[in-house]
Amino acid sequence: MKIITLGCSLTHMPGVKETLSEAIGYQNIDLSQSAGSNMLQARRLYNFIINNEFAPSDIVTWQITSFHRNPVRLRDSDCSAFELQKIQQ
């Protein structure tokens, strides 16, 4: 069983996510990104789910950031598979 954590720098920093996963005995999957937008986090969760890595017993925690923050693609893993195909064409 896993706890999937999403968010910006507050989630990405060590501390709460590790403490929480240890307390409930779940493996922590950290999808957070410092300076990451909500759209980036949505893409990462989407990719995690479509790659069949999500199970019904998993827990998702998401620290929503400011809606003024714009998404920036830092690497190919920040795109959905569909978006990546369009970029590579």
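What you see is a predicted model; the values in this text were computed from it and never measured.
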Please give the remaining members of the hydrophobic cluster of I64, linking ILVMFWY side chains under 4.5 Å, ordered by chain and number.
I4, L6, I29, L31, L45, F48, I49, F54, V60, W62
Find the distance between CD (E53) and NZ (K2) and round it off to the nearest 0.5 Å.
7.5 Å
Please round to the nearest 0.5 Å and tell me the distance separating atom CG of L20 and atom CD1 of I59.
7.5 Å
Residue pairs passing the side chain to side chain donor-acceptor pair (under 3.5 Å) test where at least one lies in residues 17-27, sequence neighbours excluded:
none
Which pair of heavy atoms, one from Q41 and one from Q33, lies closest together, and at what distance?
NE2-N, 3.5 Å
For I3 versus I24, what's the shortest heavy-atom pair and its separation?
CD1-CD1, 4.2 Å
Distance col, row Q63:CD vs N38:CG, nearest 0.5 angstrom, shows 8.5 Å
Within this structure, what is the CG-CE distance for the pair D58 and M1, rounded to the nearest 0.5 Å?
9.0 Å
Please report the interatomic distance SG(C8) to NE2(H12), rounded to the nearest 0.5 Å.
10.5 Å
Apart from L10 itself, what residues make up its hydrophobic cluster, given side-chain heavy atom links below 4.5 Å?
none
